[in-house]
S.K.: 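Here's a structure for you.
Note that the structure is predicted; figures quoted are calculated from it, not measured. The residues of the chain are indexed from 1 along the displayed sequence.
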Amino acid sequence: MREIDELINVGDPAWPLLLQELSDTNVPVEVLPVDAESGRACLRQLQVTARSSLGGIVLNCGGLLVDGGWLRVFGAPGDAGPEAPPALAEVNALPPAFDPQWRPEAGLVLAHDVLGGVFALNGSDARRAGRPGDPGEVVYFAPDSLGWEALGAGRSAWLSWILSGGLRKFYGGLRWDGWPDEVAALSGRQGLWFFPPLWSAEARRDLPATSRRAVPMAELLGLSRDSALRLDGTDPGFLGAA
């Protein structure tokens, strides 16, 4: 197991390149302040270096709020209040104290969107976890299909895709007039529950006609998991602990 100094003191850290991408993007992104101690503890538990984009975010950033909070990319936030998004460590149920035996068997949850969608990084055995794609590939749990989709990219490429405006097309059919105001009213731990649900024929036919209300993200993820089990008999597995 590598100690924290070895994980941090690398010759080519990812953060300066990430900062350049953040400064060059036309996508609205808020960089949240970091809790340095929590970031270091998370980095040590994950055993990733500051050379990776994951390490760079966790060590230097409290998370990213993309498109006014539509997407929350998790880091190590300095503000642990009820309005702030949870930390990567909390979402992935990392041990409260360093445990050299702990492994994220299904992979890591990287981000949640307000629809209850989940971006995750595949672990070493994606098939066993019931996910498509290869180890180290980013996958997406889609609340409108209640299934996982492989995105064909690793974490660094996925983040670059977000900052280049990829979300605009990705969510094209799942946004409606006035969505920025509804998203702005949410806390970092809330999402939007739709009725009829996003996976229903009614919502697919006329999304703006659905009703929407704010619910805790944990509740929204639980509803999606229950729906997948009830409708398809398929358990999507771990979607995040917060």
S.K.: Which pairs, with at least one residue in residues 191-217 and sequence neighbours excluded, count as a ring-ring contact (aromatic ring centres under 6.0 Å, His included)?
M.R.: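 For residues 191-217, and leaving out neighbouring residues, the ring-ring contact (aromatic ring centres under 6.0 Å, His included) pairs sorted by first residue read Trp176-Phe194.
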S.K.: My understanding is that only residues two or more places apart in sequence, or in another chain, count here; which of them pass side-chain hydrogen bond (donor to acceptor under 3.5 Å, both in side chains) with Arg131?
M.R.: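 Testing Arg131 for side-chain hydrogen bond (donor to acceptor under 3.5 Å, both in side chains), a comparison that skips the adjacent residues, returns none.
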S.K.: Could you pull out all donor-acceptor pairs under 3.5 Å where a side-chain atom in residues 140-152 meets a protein atom, sequence neighbours excluded?
M.R.:
residue: Tyr140; atom: OH; partner: Asp113; partner atom: OD2; Å: 2.6
residue: Trp148; atom: NE1; partner: Pro236; partner atom: O; Å: 2.8

S.K.: Regarding Arg212 and Thr210, do their side chains bring together a donor and an acceptor under 3.5 Å, going by distance alone?
M.R.: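 Side-chain D/A pair, Arg212 to Thr210: present.
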S.K.: Side-chain contact test, heavy atoms from C-beta onward, threshold under 4.5 Å: evaluate it for Thr49 versus Arg2 and give yes or no.
M.R.: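 They are in contact (side-chain heavy atoms under 4.5 Å apart), so the answer is yes.
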S.K.: On a heavy-atom basis, which atom in Ser53 and which in Ser156 lie closest, and how many Å separate them?
M.R.: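 Taking Ser53 first and Ser156 second, the nearest heavy atoms are OG-OG, 3.2 Å.
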S.K.: Please work out which of the three classes, parallel, tilted or perpendicular, describes the rings of Phe119 and Tyr171, given edges at 30° and 60°.
M.R.: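 Perpendicular: the ring planes of Tyr171 and Phe119 meet at over 60°.
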S.K.: Can you check side-chain contact (heavy atoms from CB on, under 4.5 Å) on Phe74 and Asn92, steps first, answer last?
M.R.: CA-CA 10 Å; Phe74 302 119; Asn92 288 282; 5.7 Å; no
S.K.: Apply the test side-chain contact (heavy atoms from CB on, under 4.5 Å) to residues Leu108 and Arg155: give CA-CA distance (whole Å), side-chain angles for both, the deciding distance (0.1 Å), then the verdict.
M.R.: CA-CA 11 Å; Leu108 288 172; Arg155 192 185 189 282; over 6 Å; no
S.K.: Applying the side-chain contact (heavy atoms from CB on, under 4.5 Å) test to Cys61, which of Leu59, Leu64, Val58 qualifies?
M.R.: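 In the set Leu59, Leu64, Val58, the residue that makes a side-chain contact (heavy atoms from CB on, under 4.5 Å) with Cys61 is Leu64.
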S.K.: Look at the side-chain heavy atoms of Ile, Leu, Val, Met, Phe, Trp and Tyr, link any pair under 4.5 Å apart, and say whether Trp102 and Phe238 land in one connected group.
M.R.: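 Linked within one cluster.
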S.K.: Go through the structure and list residues passing side-chain hydrogen bond (donor to acceptor under 3.5 Å, both in side chains) with Arg44, not counting sequence neighbours.
M.R.: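 Per chain and number, Arg44 pairs via side-chain hydrogen bond (donor to acceptor under 3.5 Å, both in side chains) with Glu3.
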S.K.: Checking His112 side chain against Leu239 main chain: does a donor-acceptor pair fall under 3.5 Å?
M.R.: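 The answer is yes, because a donor-acceptor pair under 3.5 Å joins these two groups.
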S.K.: Side-chain contact test, heavy atoms from C-beta onward, threshold under 4.5 Å: evaluate it for Val73 versus Trp158 and give yes or no.
M.R.: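 In short, these two side chains touch, coming nearer than 4.5 Å.
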S.K.: Closest approach of Glu202 and Pro196, non-hydrogen atoms and distance?
M.R.: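 Looks like CB-CG, 3.7 Å.
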S.K.: Are Leu17 and Leu163 linked, directly or through other ILVMFWY residues, by side chains that come within less than 4.5 angstrom of each other?
M.R.: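 No, no single cluster joins them.
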S.K.: Are any of the side-chain heavy atoms of Trp179 and Asp67 separated by less than 4.5 Å?
M.R.: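 With C-beta onward as the side chain, the pair touches.
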S.K.: Going by heavy atoms in the side chains, are Val48 and Leu43 under 4.5 Å from each other?
M.R.: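 Val48 reaches Leu43 side chain to side chain.
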S.K.: Anything under 3.5 Å between a donor and an acceptor, one on a side chain of residues 27-38, the other on a protein residue two or more places apart or in another chain? List them.
M.R.:
residue: Asp35; atom: OD1; partner: Glu37; partner atom: N; Å: 3.2
residue: Asp35; atom: OD1; partner: Ser38; partner atom: N; Å: 3.3
residue: Asp35; atom: OD2; partner: Ser38; partner atom: OG; Å: 3.1

S.K.: Give the intermediate values and the outcome of side-chain contact (heavy atoms from CB on, under 4.5 Å) for residues Glu90 and Leu88.
M.R.: CA-CA 5 Å; Glu90 180 184 351; Leu88 183 90; over 6 Å; no
S.K.: Looking only at atom types and distance, does a side-chain atom of Ser224 sit under 3.5 Å from a main-chain N or O of Leu221, one as donor and one as acceptor?
M.R.: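 Not confirmed, Ser224 side chain does not pair with Leu221 backbone.
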S.K.: Applying side-chain contact (heavy atoms from CB on, under 4.5 Å), run through Arg72 and Leu65 and close with a yes or a no.
M.R.: CA-CA 5 Å; Arg72 298 98 179 238; Leu65 299 182; 3.7 Å; yes
S.K.: When hydrophobic residues are tied together by side-chain contacts of less than 4.5 Å, even through go-betweens, does Val10 share a cluster with Ile4?
M.R.: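 No, no single cluster joins them.
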S.K.: Extract all donor-acceptor atom pairs below 3.5 Å that involve side chains of residues 93-100 and protein atoms in other chains or at least two apart in sequence.
M.R.:
residue: Asp99; atom: OD1; partner: Gln101; partner atom: N; Å: 2.9

S.K.: How close do Pro85 and Pro77 get, counting heavy atoms only, and between which atoms?
M.R.: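 What the structure gives for the nearest pair is O-CG, 3.7 Å.
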